[in-house]
Every structure is written in structure tokens, then in C-alpha cells.
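Here is the structure we will look at, set down as C-alpha cells.
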Amino acid sequence: MHASRPPRARGFRLPAVRLGVTGMEYRFHEIEKKWKKRWEETGAHKVREDSGKPKYYCLDMFPYPSGQGLHVGHWRGYTISDVWSRYKKLQGYEVLHPMGWDAFGLPAENYAIQTGVHPAVSTAQNIANFKRQLQEIAAMYDWDREINTSDPEYYRWTQYLFVKMFEKGLAYRKRMPINWCPSCKTGLSNEEVVDGKCDRCGSDVTKKEMEQWMLRITAYADRLLADLDRLDWPDKVKRMQANWIGRSEGARIVFDVDGHPDARIEVFTTRPDTLYGATYMVLAPEHPLVATITAPEQRQAVEAYVQETLKKSAIARQIVDKTKTGVFTGAYALHPLTGRKIPVWIADYVLMDYGTGAIMAVPAHDERDYDFALAFGLPVIRVIEPVPAEGTNEGSPAGGGAALAGGLELGAAAAEGAGTADALPYTGPGRLVNSGPFDGMDNEAAKQAIVAELAKQGRGEAAVSYRMRDWVFARQRYWGEPIPIVYCDQCGTVAVPEDQLPVRLPDVERYEPTGTGESPLAAIESFVRTTCPKCGGPARRETDTMPQWAGSSWYFLRYPDPHNNREPFSREAVNKWLPVDMYVGGVEHAVLHLLYARFFTKVIHDLGMIDFDEPFQHLFNQGMITLNGAKMSKSKGNVVNPDDIIRDYGVDVLRMYELFVGPPEEDAEWNANGLEGVSRFVNRLYRLFMAHAEHPAPPRDSLRRLRNRFLATLNERMETFRLNTAVSAFMEYVNALSAEADKGLDRETLETLAVTIAPFAPYLGEELWERLGHDYSVFESHWPEVDERWLRDEEVEIAVQVNGRVRARLKIPADASEEQALAAAAAHPEVAGWLDGKTVVKRIYVPGRLVNFVVNG
RNA sequence: GCCGGGAUGGCGGAAUUGGCAGACGCUCUGGACUUAAAAUCCAGUGGGCGCAAGCCCGUGCGGGUUCGAGUCCCGCUCUCGGCACCA
């Protein structure tokens with residue numbers, strides 16, 4: 001808990017307290033109230049489609065409106081994006097900076113199960129509270145464009161997009177094992193399984209075979225990977241997505257099964273070069289061939305093992321200690337090139353949903369296969385021998401280029417390395433042995449050669465596999481978009497036609513699952529029973545709903561045209577505003593949301609509905625705010641409520657502190673003293689400004705110089721997104737102006753201050769701007785230009801070093817020649833002492849920076 | 001295990017392409033104003049030695065390159081993320 005502070009009197013002091021004749025107290029509550037009202041009246045935050053200005057789309061990741069409300073950690077991202085939006089507006093852009101609600105989701109449904117309050121009701125309440133809190137931020141959201149994913153007028157179009165995918169074959173049904181909670185009697189998504197237990201009740205999660213709606217995201221794997229290159233995103237996020245997609249190149253190889261002429265085992269491998277080292281095969285326990293090929297005497301053991309595996313959840317199967325288990329099927333595969341008999345096993349270290357669900361095991365060159373072979377006494381055949389690469393000489397301190405010297409050391413290095421490189425399993429590069437016609441071949445070349453030979457015989461081909469799986473798109477939950485599909489005995493699986501959308505979520509009495517693994521919708525007869533859109537005969541509705549990720553996968557396309565009731569968006573509006581220029585949000589969505597949104601965008605592009613195929617040009621991940629080193633959360637009891645801070649310090653101070661707290665992309669610890677410091681600064685700025693606003697002084701060079709330097713510094717810090725140092729720049733500038741203030745401040749200094757502070761502290765910016773006599777909003781003005789002339793000095797101070805140590809500082813003309821600078825430096829009395837009696841062997845001059853004399857003796 | 005980020009005063013953090021380490025803020029100390037306090041303003045605040053001028057040390061640790069390294073290279077330590085039987 002943060003130190004609770006006594007309520008401050010500052011904000012509540014009512015009479016205008018005059019502080020001498022020069023200034024007034026900064027009464028933020030009055031100022032906030034005044035400008036809030038004015039913005040409302042003038043429609044200050046409405047986007048003007050016809051302004052003719054260049055567009056800028058600055059988007060926040062829209063929140064799930066939880067019952068917890070916002071804390072100061074949430075404020076950080078919203079502040080960053082709003083400062084950026086306002087900055088862009090002052091630079092002359094028409095800025096779209098919208099906000100909405102990712103309003104479907106499990107918490108509302110769980111709340112309904114506990115209390116019976118309809119999710120629509122609790123969600124509406126939460127949205128009202130969130131909206132109130134978000135309006136406190138003073139962000140320039142255009143609330144006319146508010147989006148709610150649980151609104152039928154919105155999810156109608158989510159369903160529409162699903163239908164389009166269904167028509168394209170991108171949405172399909174598949175029977176597969178999913179996570180299953182035997183106590184809650186419901187299927188669970190991976191997110192709902194924590195450490196192998198049900199997030200709701202804590203029971204051990206098992207697996208259950210169920211029909212699932214899937215989206216064929218793997219069809220886009222290549223493009224999702226390749227197009228990352230075009231994005232201006234943090235490397236970390238790109239890397240996470242690339243890892244998630246997990247492309248690997250290799251080969252698909254077909255093995256015949258001895259005594260089963262119809263059975264063929266297909267494997268995927270990245271190491272076709274090790275084909276001659278395959279000493280056994282492994283099928284995933286769920287593999288369809290298991291039932292076919294298992295020998296009668298092994299059947300009992302195999303079935304027992306399969307049952308045991310199915311009991312484990314995917315999670316439990318992964319967090320085990322990796323001890324290898326498995327059972328021999330009694331069947332033998334035939335090596336595609338030698339015809340050698342290879343025993344076929346099943347083991348849970350082979351996963352059904354990666355590759356082909358079967359592998360050729362090469363224990364000599366794969367750690368997992370080696371462990372398994374060791375555990376079950378299977379043979380190990382070495383087929384790759386390490387070869388000391390020529391020309392490399394890692395031990396040489398001189399680095400590359402010393403090929404001859406390296407060659408001489410080669411013998412010793414090879415002998416030394418041989419002992420370790422001989423050990424199995426060996427996964428490095430080398431030369432083939434025990435591989436028939438391929439012996440002696442480099443293993444990389446052998447990959448090609450062996451695949452070519454297999455292809456010639458029709459027993460294999462080059463192949464690419466992805467770690468990423470297709471997207472399980474069905475949930476057995478109430479509070480989500482109904483999947484718009486109807487099952488007809490005559491016509492089969494039929495999509496609900498466009499003109500019958502939305503399929504509305506009906507009211508239900510009970511939100512608990514039905515017990516059959518179906519969603520609560522299955523219990524509503526009036527919902528389930530329908531007529532087939534094709535033949536008009538009796539039909540049943542799909543009762544599963546979409547996952548929470550559905551609505552957020554395209555919401556950014558809706559903001560440009562949020563009230564369109566004929567289509568999800570007009571092509572023209574979306575092509576005008578998209579791609580999003582700046583997307584601000586937490587890194588926790590690095591993979592799921594951002595990958596799904598990219599996938600949807602590409603699909604929508606391929607449907608011909610939009611011209612671009614990447615939604616977010618620039619992504620920025622803000623760091624979290626921590627308190628006592630931990631992420632803020634109500635359950636941990638370490639939240640700071642923004643309402644309290646606003647009451648005591650005002651909105652502008654909180655905004656500036658959210659930036660000043662640290663580099664925006666890094667986590668930062670909340671510190672009440674730091675907030676106090678920012679508050680002091682804002683008050684100092686206000687007093688300084690007010691002391692001179694009535695009667696500005698005539699301009700003078702020292703102020704011009706300060707102003708232009710400040711602007712140049714600020715611009716640089718804005719453009720590099722170092723917003724914490726941008727706040728520092730204001731502090732430095734105000735400190736410098738304070739030192740000059742006894743001679744007065746000119747009007748341009750004051751105007752610059754008012755305009756540049758406005759994105760950070762919009763209320764204060766407006767107030768100061770008005771105080772200078774303007775009768776229009778500061779945000780209708782322009783970000784000031786830098787006059788380069790004032791950035792140059794006639795005189796610069798340089799450091800004079802002797803042997804790299806600073807011995808004196810010296811002012812010289814900025815345009816001094818090297819000779820002049822060196823002469824002046826050598827003549828400096830402090831320096832002369834250090835040069836006395838020494839020989840100067842080298843002189844370095846870095847213009848505007850320093851002189852260095854290298855001496856010896 | 002694999003991939004990646006980070007380590008700078010009492011604290012949060014600044015430092016263009018290698019060029020005056022510690023901007024800015026906090027904390028603390030002293031002073032001004034006040035009957036007093038709060039607020040505000042002024043000065044100081046990395047460590048050591050010194051009356052002082054000043055000198056020496058100092059950016060996680062050990063090496064290296066360079067006239068010069070927080071920054072570049074090699075080898076470590078600790079720490080924080082992500083992935084984790086993906087064939």
C-alpha cells in the first residue's frame with residue numbers, strides 16, 4: 001500500500017489567494033472544470049473528416065471493462081498515447097484517437113453464475129465506470145466513435161466476418177482433444193488452465209475429444225512471418241511472434257509398415273540427412289494408425305498407455321520432468337531407402353498436433369530420441385561425424401584473417417576437441433557415415449541429396465512445418481458472439497445469411513454449463529431450434545460462442561466508420577485512416593491479440609475489402625507501473641487510485657508524472673515523492689508564467705537562444721519517444737527562465753511554453769494560452785518552429801585533456817580553427833603546468849568538444 | 001535448456017557517431033522569509049585525501065582495442081522477460 005497522505009488543502013482553498021502582486025495560486029480544479037466544459041461545448045475532440053489535413057491514427061488497446069476500475073498503471077499507456085495524439089494534432093494532423101470496450105469475456109459470465117446478474121447489466125455498469133475514469137484523463141477521445149464488442153450492432157459484423165471465413169474454407173470443424181474440466185463440465189481454453197488446474201474451481205484438467213470450430217491461421221503462417229519485416233515494432237515483439245509461428249524447414253518422409261500394405265507412416269523431420277540413423281519410429285498416442293498397426297500381443301499395453309496419456313492435460317504433459325515413457329506397438333516400419341525393419345513405438349513425447357504426429361527417431365543425433373533409446377535399450381547408430389572446419393581458429397586472440405597461423409594450430413585443436421565432439425548425441429554439423437551411398441557427404445548437402453532421392457522414389461519431399469497451430473475458435477460459454485452456423489439434416493452445415501445477422505445472444509436463466517460440454521445456449525430450446533436458411537426445413541443452431549479475441553481482431557477497422565449499418569466499414573473510410581500509425585498497449589498482447597489482428601487483416605484484405613494487409617504500422621509497448629516491486633492489482637492490494645491523485649494534485653500533474661516516472665517502455669516504480677516533485681514543477685511554471693503574462697518584456701537574445709535550444713531539445717526527445725526526458729526538458733527550461741525572470745520574459749517565450757506544454761498538460765496549456773489573450777483553443781495553434789540560427793554559439797566551452805584527463809575548461813570562438821584551438825589550449829595556465837617538461841606526441845581536437853594532449857616523459 | 005533485455009550516486013533516472021559521467025527529479029544538510037510552522041526562495045549533496053588550491057578513485061566483475069570506453073570486442077556474475085519434448 002502506498003503511504004497514505006493527509007488530504008491537501010491546496011485544491012480546496014476557495015478564495016483567490018493573491019501571492020503578492022505577481023502571481024496567483026494554480027487552482028487546477030477550477031481550470032479543469034472550465035476547460036472540460038469548453039471542450040464539450042465546442043466539440044473539441046470531434047474528428048473532422050473534411051479538414052483536409054493529413055490523417056494520423058493513434059490507437060490505444062481498448063480495455064476489458066472489469067469491475068475493478070482503473071489504477072494509475074492503466075493511466076500510463078493512455079497518457080502516452082494522448083500526449084502523442086495531441087502533439088500530432090499541433091503538428092497539423094487530423095488525429096483519430098478513439099476508445100471502446102472489449103466487452104465480452106469470462107469475468108462477467110462468472111459474476112453472472114455467482115450472482116445471477118446478467119452479463120449485459122454488469123458490463124454496462126463497468127463500462128459506465130470505466131468511461132467516467134477515462135474521461136478524467138483529459139484524453140482527446142472522440143466518444144461519438146465509441147465501440148462495444150458486445151453490442152449486437154457490432155458483433156453482427158464479427159459474425160459476418162466469420163461467415164466470410166467459413167465461405168473461404170478458413171473456418172472449419174475438427175474433432176480434437178481439448179482441455180476439459182470434469183468438475184465444471186466444460187471445455188476450457190488454454191488461458192483458463194493454470195498450472196494444469198481449472199482456473200475456476202481448481203480441479204485437475206483433463207482432455208476430451210470434441211468437435212471444435214477452428215480458424216485456419218496456419219494458411220497465413222508464411223505471410224505472418226515474412227511481413228513482420230515491414231513493421232515498425234519493438235524487436236522483442238517481432239521475435240516473440242516469429243518464435244510463436246516457429247517455421248522449420250525439413251522433409252516429409254513416408255515409411256511403409258511391414259505386413260500392413262495399406263498403412264503408411266508419414267513423418268516430418270528437419271534432419272533428413274540422418275535418415276540412415278533412424279533406429280525406431282514413434283507415433284503420438286493419439287495417432288490414428290495406432291489402432292491399425294498394433295500387434296495383438298501388444299494391444300493391451302498400448303491401449304493402457306493411450307488411456308493414461310489422454311488423462312493428462314496438455315499442460316501436465318509438458319511440465320513433467322521429461323522422463324521418457326512409451327510402449328512398443330509390435331509393428332515394424334520399413335526404411336524407405338534400405339528396407340531395414342524399424343520398430344514402431346508410441347510415446348507421449350511426440351505430439352499429435354505438430355508435424356504429422358509421427359517421427360523417425362535418430363538417437364545418435366537427437367537428445368530426446370537418445371534419452372528414449374537409452375531408457376528402452378534401442379540401438380543407436382551414428383551417421384554424422386564432426387569434421388573440424390578448416391580456416392577457423394577460435395583459440396587465436398588475433399581473430400579472423402590469420403588463416404595460416406590457424407592452420408598450424410589445427411592439429412592440436414582437433415585432437416583436443418575430438419573427445420567431446422565424439423560424444424552422443426551429437427547435434428552439430430559434420431560428414432555422413434554409415435549412410436550407404438551418401439557416406440562422406442557434408443550433412444547440409446546430404447539433406448538436399450537424400451530428399452531428392454526420396455522424391456525420385458515417391459517416398460518423400462521437402463516440407464515446411466510450423467509450430468503455430470490452427471486457432472481453436474469455439475468456447476462453450478454464454479457471454480460471447482454466437483457462432484452464426486446452422487446444422488440441417490438435409491443441407492449439412494450452413495452459414496447464417498448476411499441479412500439474418502446478427503444471431504442475437506438470447507437471455508438465459510442460468511449461466512452454468514449444461515453438463516454435456518455444451519454452452520448454456522444449448523439449453524435454450526427457442527434458440528437452438530430454427531429453420532435451415534437453405535431448404536427451410538428444421539435445423540439446429542450452433543451453440544458455441546467465439547473466444548474473447550474475436551471482437552478485438554478487427555475493432556480498429558470499425559472506428560473510422562463506427563455507425564455503418566450496411567457493412568462492417570466502408571472501404572473508403574478504412575483505406576483513408578488505416579493502417580494505424582501508432583498503436584499503444586501492453587506487451588502482454590505481443591502474441592495472441594496482435595497475431596490474431598494481423599491474421600484478420602490479411603484475410604479481410606484477401607476478401608478484397610481493404611487495400612492494406614498489415615493493421616499496425618508502429619507499435620509501442622509501455623512498461624507497467626509497479627508498487628513495492630509488483631504489478632498493481634486489487635487482489636494484491638497495491639493499487640494507487642487515480643481518483644485520489646487527481647483530487648490532490650490535478651489531472652495535468654498526474655499526466656506529467658506518468659511520463660516523468662521513467663522511460664516509457666520500461667517498468668517503473670510508483671513514487672509519491674516523484675509525484676510531489678512534478679507538482680512543484682507545474683506550480684513553479686504556472687507562477688512564473690502568470691508573473692509575466694500581463695506585461696511581457698521585449699524580446700532579447702538570451703531568451704531567443706534559450707527558447708530555440710529548448711525547442712530543439714524537446715523536438716528530439718519527442719521524436720525519439722523519450723517522453724520522460726521531454727518532461728525534464730521543460731524543467732530545465734523553466735529553471736533557466738527563472739534565472740532570467742528578473743529582466744522579464746517576452747511574449748514568444750510565453751507562447752512557446754503554453755503551446756508545448758499543452759500535449760502534456762492540456763488544461764494548463766489551454767489556460768496559459770487564453771491568458772495571453774487568445775480566444776481559440778491552444779490545440780488550434782501550431783507547434784513552434786526552431787530557428788536554427790539561435791542554436792549556434794559564438795563561443796563554446798571545450799575541455800582540455802592531458803593524457804585523457806580533464807585539466808581545464810576553456811572558452812574559444814565556435815568557429816576557431818584546429819590550430820587556434822590547440823594554441824589556446826596549450827596556452828592555458830592550468831594546462832601549461834601539465835605539459836611542462838613533457839613531450840607532446842599527439843594532439844587531438846574534437847570541434848566544440850575537447851582538446852587532448854598526449855604526452856610522455 | 002534455447003532466445004532476448006538489463007546492471008550508472010542514498011533513490012528514480014540522464015549522457016548524438018566512442019569525446020567534460022551523474023542532466024532532471026527525489027532525499028538529506030545549511031541558509032533566507034516567518035512570532036512559529038507550512039509553502040516558497042538560495043546554496044550544497046558519488047567516494048576518498050586535503051585548511052585550501054587541488055589530487056586520486058569511480059558506470060556489475062575480469063581482460064582487450066583506443067589519444068580517449070557507461071558506450072566497441074572477448075570471457076564471466078547476477079537479474080528480469082519470452083519459449084520450452086515442436087522432431
Side-chain angles (χ1 to χ4, degrees), chain A residues 9-10 19-20 25 234-237 239-244 246-248 250 267-271 274 282 284 317-324 347-351 353-362 365-369 371-372 397 399 465-469 587-588 590-591 657 660-663 665-678 680-681 683-684 687 713 716-717 720 722 724-735 738 797-809 830 840-855:
Chain A
R10 188 189 288 163
L19 295 179
E25 178 132 0
D235 285 340
K236 175 182 171 168
V237 176
R239 220 179 295 112
M240 283 168 71
Q241 290 213 353
N243 289 342
W244 185 269
R247 180 190 156 94
S248 20
V267 305
F268 173 78
T269 179
T270 55
R271 296 296 305 274
T274 64
V282 184
R317 189 160 151 184
Q318 277 164 24
I319 55 176
V320 281
D321 50 22
K322 309 208 171 163
T323 307
K324 295 290 181 287
D348 68 0
Y349 83 94
V350 172
L351 309 173
D353 56 358
Y354 181 76
T356 60
I359 62 161
M360 63 176 206
V362 184
H365 305 291
D366 182 282
E367 286 180 30
R368 298 151 302 180
D369 298 345
D371 291 346
F372 191 85
S465 191
Y466 296 93
R467 206 192 74 99
M468 182 170 69
R469 316 294 206 272
V587 74
E588 65 273 16
V591 176
Y657 178 65
F660 188 67
V661 69
E665 68 281 4
E666 284 174 31
D667 292 350
E669 174 76 7
W670 180 264
N671 180 341
N673 285 329
L675 178 72
E676 191 77 42
V678 170
R680 281 206 278 264
F681 158 71
N683 278 277
R684 208 155 56 232
R687 284 194 303 270
T713 304
E716 196 207 325
R717 293 177 181 183
T720 52
R722 290 174 301 167
N724 55 325
T725 62
V727 176
S728 302
F730 281 102
M731 292 171 169
E732 288 174 76
Y733 187 43
V734 167
N735 288 346
S738 299
E797 191 185 71
I798 61 168
V800 183
Q801 299 181 334
V802 178
N803 284 347
R805 315 188 72 109
V806 179
R807 296 304 181 186
R809 290 170 220 282
E830 289 285 339
V840 178
V841 297
K842 195 164 182 177
R843 298 170 175 81
I844 288 113
Y845 174 54
V846 182
R849 293 275 182 187
L850 57 73
V851 165
N852 188 13
F853 294 109
V854 184
V855 302

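Every chain is numbered from 1 and lettered A, B, ... according to where its sequence line falls, protein lines coming before strand lines. These numbers come from the heavy atoms of this one structure, side chains and all, not from hydrogens, waters or symmetry mates.
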Practice task
State which of rA87(B), rG19(B), rC83(B) makes the closest approach to the side chain of Val846(A).
Solution key: rG19(B)
Completion exercise
For Glu666(A), the side chain to side chain contact (heavy atoms under 4.5 Å, CB included) test, sequence neighbours excluded, returns Pro663(A)
Handout entry: Atom P, compared across rA37(B) and rG22(B): separation rounded to whole Å
Key = 36 Å
Find every protein N or O atom lying less than 3.5 Å from an N or O atom of nucleotides 23-28 of chain B, and list the pairs.
residue, atom, partner, partner atom, Å
rA23(B), O2', Glu732(A), OE1, 3.0
rG25(B), OP1, Asn735(A), ND2, 3.2
rC26(B), OP1, Arg680(A), NE, 3.0
rC26(B), OP1, Arg680(A), NH2, 2.9
rU27(B), OP2, Arg680(A), NH2, 3.3

Exercise for the section: Determine the Euclidean distance between corresponding P atoms of rG4(B) and rG10(B); express it in Å to zero decimal places. Expected result: 33 Å
Practice task
Take atom CG of Asp667(A) and atom P of rU79(B), then tell me their distance rounded to the nearest Å.
Solution key: 18 Å
Handout entry: Asp353(A) backbone acceptor or donor facing Arg469(A) side chain under 3.5 Å
Key = yes
Practice task
For Asn852(A) and Gly804(A), indicate whether the former's side chain and the latter's backbone hold a donor-acceptor pair under 3.5 Å.
Solution key: yes
Exercise for the section: Compare the minimum distances between each of rG19(B), rG82(B), rC85(B) and the side chain of Asp348(A), then state the nucleotide with the smallest one. Expected result: rC85(B)
Completion exercise
Among rC83(B), rA87(B), rG13(B), the one nearest any side-chain atom of Pro663(A) is rG13(B)
What does the list of N/O pairs under 3.5 Å between the protein and nucleotides 55-60 of chain B look like, with a distance for each?
residue, atom, partner, partner atom, Å
rC56(B), OP1, Arg807(A), NH2, 3.3
rC56(B), OP2, Arg807(A), NH1, 3.1
rC57(B), OP2, Arg805(A), NH1, 3.2
rC57(B), OP2, Arg805(A), NH2, 2.3

Practice task
Scan side-chain atoms only and decide if Tyr349(A) and Thr323(A) contain a donor-acceptor pair under the 3.5 Å cut-off.
Solution key: no
Handout entry: Separation of the P atoms in rU35(B) and rA52(B), to the nearest angstrom
Key = 37 Å
Exercise for the section: Tell me what Gln801(A) touches on the nucleic acid: a base, only sugar-phosphate, or nothing, going by heavy atoms under 4.0 Å. Expected result: base
Practice task
Answer with yes or no whether the side chains of Thr269(A) and Arg271(A) bring together a donor and an acceptor at under 3.5 Å.
Solution key: no
Fill in the blank from the handout: Closest heavy-atom pair, Asn803(A) versus Val855(A), reported as atoms and distance to 0.1 Å, is OD1-N, 2.9 Å
Considering only nitrogen or oxygen atoms on both sides, find all protein atoms under 3.5 Å from nucleotides 4-8 of chain B and state each distance.
residue, atom, partner, partner atom, Å
rG4(B), O2', Arg239(A), NH1, 2.9

Problem - Lys842(A) to Phe853(A) six-membered ring, cation-pi geometry met (6.0 Å, 45°) - result: no
Completion exercise
Ranking Glu716(A) and Thr270(A) by the position along RNA chain B of their nearest nucleotide, the one closer to 5' is Glu716(A)
Exercise for the section: Say whether, by atom type as modelled, one donor and one acceptor occur between the side chain of Arg807(A) and the main chain of Gln801(A) under 3.5 angstrom. Expected result: no
Practice task
Please find out if less than 6.0 Å separates the ring center of Tyr466(A) from that of Trp244(A).
Solution key: no
Practice task
Would you mind telling me which of rU16(B), rA87(B), rC41(B) lies closest to the side-chain atoms of Leu351(A)?
Solution key: rA87(B)
Fill in the blank from the handout: Heavy-atom closest pair (Phe660(A) atom, Met731(A) atom, distance to 0.1 Å) is CE1-SD, 3.7 Å
Practice task
Remember a base hit wins even if backbone is also touched, and classify Ser248(A) as base, sugar-phosphate or nothing at under 4.0 Å, heavy atoms.
Solution key: sugar-phosphate
Handout entry: Results of salt bridge (charged side-chain N to carboxylate O under 4.0 Å, His left out) for Arg805(A) - residues two or more places apart only
Key = none
Practice task
Provide the distance between the two C1' atoms, one in rG30(B) and one in rG19(B), to the nearest whole Å.
Solution key: 36 Å
Practice task
Take the protein atom NZ of Lys842(A) and the nucleotide atom C1' of rU66(B), then report the distance between them rounded to whole Å.
Solution key: 9 Å
Exercise for the section: Quickly work out the Arg849(A) CZ to rU17(B) C1' distance and round it to whole Å. Expected result: 10 Å
Fill in the blank from the handout: Result for 5'-nearest mapping on RNA chain B, choosing between Glu669(A) and Met468(A), is Glu669(A)
Fill in the blank from the handout: Note on RNA chain B: ranges paired as stems (three or more Watson-Crick/G-U pairs in a row, both atom distances under 3.5 Å) are B:1-7 with B:77-83, B:10-12 with B:24-26, B:28-32 with B:40-44, B:46-49 with B:54-57, B:60-64 with B:72-76
Handout entry: Whole-angstrom distance between rU27(B) and rU16(B), as gauged at atom C1'
Key = 31 Å
Practice task
Could you measure between the two C1' atoms, the one in rA15(B) and the one in rG9(B), and give it in whole Å?
Solution key: 15 Å
Practice task
Whole angstrom is fine here: how far is it from CG in Asp366(A) over to P in rC2(B)?
Solution key: 15 Å
Practice task
Determine the interatomic distance between P on rG70(B) and the same-named atom on rG18(B); round to the nearest Å.
Solution key: 13 Å
Fill in the blank from the handout: Of rC83(B), rA87(B), rG82(B), the nucleotide closest to the side chain of Met240(A) is rG82(B)
Exercise for the section: Round to a whole Å and report the spacing from OH of Tyr349(A) to P of rA87(B). Expected result: 13 Å
Practice task
Ignoring backbone atoms, test whether Ser465(A) places a side-chain nitrogen or oxygen under 4.0 Å from the OP1 or OP2 oxygen of rA87(B).
Solution key: no
Practice task
Look at all strands and tell whether Glu797(A) reaches a base, only sugar-phosphate, or nothing, counting heavy atoms closer than 4.0 Å.
Solution key: base
Completion exercise
What one should report as the nearest heavy-atom pair of Thr720(A) and Arg722(A) is OG1-NE, 2.9 Å
Practice task
Considering just the side-chain nitrogens and oxygens of Arg722(A), establish if one lies under 4.0 Å of OP1 or OP2 belonging to rA15(B).
Solution key: yes
Problem - Between rC28(B) and rG46(B) - C1' atom distance, rounded Å - result: 14 Å
Handout entry: Flag if over 12 foreign heavy atoms under 6.0 Å of CD, Glu797(A)
Key = yes
Problem - Touch class at under 4.0 angstrom, heavy-atom based, for Asn803(A) against every strand present - result: nothing
Exercise for the section: Identify the two heavy atoms, one from Asp369(A) and one from Met360(A), that lie closest to each other, and give their separation to 0.1 Å. Expected result: OD2-O, 4.0 Å
Practice task
Please test Tyr733(A) against Ser738(A) for side-chain hydrogen bond (donor to acceptor under 3.5 Å, both in side chains), starting from the C-alpha separation and ending with a verdict.
Solution key: CA-CA 8 Å; Tyr733(A) 187 43; Ser738(A) 299; over 6 Å; no
Practice task
Using modelled atom types only, decide if a donor and an acceptor are shared between the side chain of Asp348(A) and the backbone of Ala284(A) within a distance under 3.5 Å.
Solution key: no
Fill in the blank from the handout: rG9(B) glycosidic conformation (syn if within 90° of 0, otherwise anti) is syn
Practice task
To the nearest Å, give me how far apart CZ (Arg469(A)) and C1' (rA87(B)) are.
Solution key: 11 Å
